[in-house]
Each structure stands twice: as C-alpha cells, then as structure tokens.
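This report concerns only the one structure given below.
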Amino acid sequence: EPMLSGDFATLMGWADQVRRLKVRTNAETPLDAETAKKFGAEGIGLCRTEHMFFDPARIGAVRQMIMASDERGRRTALARLLPFQRQDFIDLFRIMAGLPVTIRLLDPPLHEFLPHADGELEEVAEALGTDVEAMRRRAAELAEANPMLGHRGCRLGITYPEIYEMQARAIFEGAIAVAKELGRAPVPEIMIPLVGARRELEITRAQVEKVAAEVFEESGTAIDYVVGTMIELPRACITADKIAGVADFFSFGTNDLTQTVFGLSRDDAGKFLPAYVDAGILPKDPFVSLDVEGVGAMVRIAAERGRATKPGLKMGICGEHGGDPASIAFCEEVGLDYISCSPYRVPVARLAAAQAALGAGDDRTA
Ligand code: PEP
Ligand code: MG
C-alpha cells in the first residue's frame, strides 16, 4: 500500500483490528474508487450516478432524455446513454474486484439538466426533431421553484420508468461482463433515492427486478444483487418499519435528512449558519457534524423501526457526516454496519471507527 506506509500503516492496522464499523467510500469515478481503495475503503457506499451524466460526451443525450415529451423520445436518448453507463459500472466493478458497490439510481437536480443557453436549446431541438420555441416552452414547464424539494430522486424514476430501467440494465450487463472477465461476479447493491413511502420502493424495485430477469434471460447468466433505499426524508424514518419490508438495506442520506429535518436549504445554509453557531443556537454546522438531538433522533427511529420489521437489516450512512469523527461515534452507538465517506476521509474514518468502538466499550462497562 504505497499511500499509507510506515508507522501510519501500523496505526491503521491496529485501528482495523479494533473497529466494528466497515468503511466504504463515496465514489463515482475510477480515480476516486482507486484512491479510496488504496486508503483502505472496503467497498463503495454511494455511487452518485447523476455525476456521470454531466460528462460532455453525454450531456446532450441527457438533455434529450429530460426534454423529450414522450416515452419514445426518452427511449431514443436512453439508448445513446446505455453504453456509457454500462462502461461506468464495468470500470467500478473491475476496480472494486468483488467488494460491495452501492449504485444509487439517478437523483438529479433536474434544473441542472435543463438546457439554458441558445446553443443547448438548438442542439436538443435538433435531436428531438422540433424547434427551439417548443424547447423553451418545455424547459419552462419542467422548471421548478424548489428543485431540491421537487421532481428528483425516485420521483423521476416513477414518472419516467425507462430511466431506471436503462440504469438497471447497465448495472446487470456490466456486472455480468466483469463476472466473465474476473471469474467472480460482483454483487451490485442498487439504491433508490429520496424514498418517502413504501410504495415508491415497491414500484422502483419491481422495475429493477423486471430488468434483471430480462438481462439474465438474454445472457444466460444470473447474478446476485440487492435493492435497498436511501433514508433521507423524515417520512422515511417514521415509516421505516413499512419500508424495511421491501428493502435489503438502508443507507442514511444525512445531507438531505439534515435539510428536511431542519427545514434548512443545503445550498443556502452558509448564509446565516455561522451567525447561528456564534449565537449558540446550534453547537456546530449540522451539515458537517450530525445534529444528534434532532437528525440523530430521526436516524435512531428509522434504525429501530427498520430492525423491528427485519432484524439484522444492513444499515449504513453515506451523507457527508460519514467522514466526521463525532458523527461516526454516533453511527457506532446506533449500531450501523458501515460508514461511507469521500476517498480522502477514509483513513480518518477508519481511525474514528476504532475510537468509537473503544468508546462504546467504555459506555457498556460504565
Ligand atoms: C444525502 O442526501 O445525504 C446523500 C448522501 O445524497 P446527496 O448528497 O447526493 O443528496
Ligand atoms: Mg440525498
């Protein structure tokens, strides 16, 4: 391990003997996945697929998909995206070589996919065989006052099922290709974002299962996979007992959960949060260090209710808090199975997880 050597590597070895929490990484590029693996990541806990869609070679097809007014138009665009997306997953499965890879289906900020510049409008009009004025109207139709509380996450997968179908196909085809190459099949963990109701997970899970059956039939190969959900809305926490019935795992999206529990925009919080911390209203920035009293209580409720339905249900965290030592101590206390953080935080997370395990031991004997 060239990136961690000498005394530091020894220290990390001790930490690994002590810790209970697994440490994964948030990664969607091969570079991030490789870096995290060198730092000791034990899998990918969150691959944000929307980031892949901004690649200059495919953003045109992405705009075409969003702007198409019918399923046929979307399917044409998605057929253009499938080979890219399949290759994305092949790369990640190869690098992670059998370690778990959690792939989150599209959770876009829809407004970032909409064409704005004249050139973008012209390009998408041409791709869809229509005119710029029609595209301006469509973009206005899709624009939202509050995109972060709007048509995102599984809501998009439910209104436009062909999007999640394309992604599921790319995952299964990619996994089967890598299984043949490495002689060992990756076990994809497919994750549905922004679920607030059990039915949303039932519908999207059925989409994934349908595609799995198709791909396995076409290729004559079946592989194992699991389907789980992000828990990032208060409603998901409260109804976690019901959601757990159709989930193979939970992953706490504490960025959105903090936003929605506080009713505080992730994107604008910086404007007044420092003053709030100065005034002693908040002990620290809740988007950095988990607010144990409020957001943490929600996590606890979800974990308890989820386990009441499914004892031993696998649970992790993939919000930014997964790389924050104080928040990691909380994750240990709630009994999560893993934390997932950005690649460069993996070593800190390994140490913090060990410290948390020791701390939890002290509490038990006290
Ligand atoms: C989260 O909400 O905590 C999360 C991990 O997802 P994202 O930051 O992509 O919304
Ligand atoms: Mg989120």
Side-chain angles (χ1 to χ4, degrees), residues 23-29 32 36 41 43-54 88 100-113 144 146-157 164 167 189-197 200-201 204 228-237 240 243 247 249-270 285-292 294-296 298-299 302-303 315-324 327-328 330-331 334 336-343 345-346 349:
V23 178
R24 299 193 191 183
T25 192
N26 295 355
E28 40 277 331
T29 66
D32 277 353
I44 291 179
L46 172 63
C47 164
R48 291 176 163 107
T49 55
E50 58 280 3
H51 289 186
M52 297 160 156
F53 282 35
F54 290 107
D88 291 330
V101 176
T102 308
I103 298 164
R104 181 177 74 187
L105 301 187
L106 192 65
D107 178 11
L110 200 62
H111 59 296
E112 290 180 30
F113 286 159
E144 299 173 299
N146 257 323
M148 292 302 275
L149 296 176
H151 198 183
R152 56 174 285 222
C154 66
R155 297 162 191 169
L156 196 75
Y164 279 6
Q167 293 195 290
E189 300 186 353
I190 299 175
M191 182 153 79
I192 310 297
L194 220 75
V195 164
E200 290 173 316
L201 188 58
T204 47
T229 182
M230 300 276 298
I231 298 288
E232 51 186 344
L233 294 175
R235 196 180 192 286
C237 297
I243 293 172
F249 65 90
F250 280 0
S251 180
F252 289 96
T254 46
N255 303 330
D256 274 305
L257 193 57
T258 299
Q259 169 165 261
T260 49
V261 167
F262 275 94
L264 171 60
S265 162
R266 286 167 70 165
D267 305 312
D268 297 314
D285 182 341
F287 288 101
V288 174
S289 201
L290 195 84
D291 158 53
V292 171
V295 180
M298 275 293 177
V299 170
M315 294 186 200
I317 179 175
C318 62
E320 293 310 310
H321 308 86
D324 169 65
S327 311
I328 291 169
F330 174 80
C331 296
V334 184
L336 300 190
D337 299 285
Y338 67 88
I339 50 188
S340 189
C341 59
S342 64
R345 297 207 68 88
V346 167

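Order of listing sets the numbers, starting from 1, for every ligand and every atom in it.
A donor-acceptor pair under 3.5 Å is formed between the side chain of Thr204 and the backbone N or O of Leu201. With hydrogens and angles disregarded, no donor-acceptor distance shorter than 3.5 Å links the side chain of Arg266 to the backbone of Gln259.
Among Asn255, Leu194, Ile231, Asp107, the residue whose heavy atom sits closest to atom 1 (C) of ligand 1 is Asn255.
Heavy-atom distances between Arg266 and ligand 1 reach below 4.0 Å in at least one pair. Within the structure, the closest approach of Met191 to ligand 1 does not fall below 4.0 Å when heavy atoms are considered. Heavy-atom distances between Met230 and ligand 1 reach below 4.0 Å in at least one pair. Taking a 4.0 Å cut-off on heavy atoms, Arg104 registers as neighbouring ligand 1.
Looking at Ser327 and Glu320, their side chains never come closer than 4.5 Å, going by heavy atoms from C-beta outward. Annotation: side chain of Leu105 is in contact with side chain of Ile192 (closest heavy-atom distance under 4.5 Å).
Protein heavy atom closest to atom 5 (C) of ligand 1, with residue, atom name and distance, is Cys318 O, 3.3 Å.
Ligand-side atoms of ligand 1 in range of Gly319: 3 (O), 5 (C), range being under 4.0 angstrom from any heavy atom. Which parts of ligand 1 touch Arg48 is read off a 4.0 Å heavy-atom cut-off, strictly below it: atoms 4 (C), 5 (C), 6 (O), 7 (P), 8 (O), 9 (O). Near Gly253, the atoms of ligand 1 lying under 4.0 angstrom from a non-hydrogen atom of the residue are 1 (C), 2 (O), 3 (O).
Contact annotation for Leu46 and ligand 1: only side-chain heavy atoms (C-beta onward) come within less than 4.0 Å of the ligand. At a 4.0 Å heavy-atom cut-off, ligand 1 touches Arg152 through the side chain alone. Residue Thr254 touches ligand 1 through its backbone alone, judged by heavy-atom distances below 4.0 Å.
Distance check, rounded to the nearest 0.5 Å: CD1 of Ile339 to CD1 of Ile317 gives 8.5 Å. The CG atom of Leu106 sits 10.5 Å away from atom NE2 of His51, with the distance rounded to the nearest 0.5 Å. Here the OG1-CD1 distance, from Thr254 to Ile231, works out to 12.5 Å after rounding to the nearest 0.5 Å.
Each of Val288, Leu257, Val295, Thr258 was compared with His321 under the side-chain contact (heavy atoms from CB on, under 4.5 Å) criterion, and only Thr258 meets it. Results of the side-chain contact (heavy atoms from CB on, under 4.5 Å) test with Leu46 over Met191, Arg24, Glu28 single out Met191 as the only residue that passes.
Distances from the Mg ion (ligand 2) to each N, O or S atom of Glu232 single out OE1 as the nearest.
The Mg ion (ligand 2) has an N, O or S atom of Asp256 inside 2.8 Å of it.
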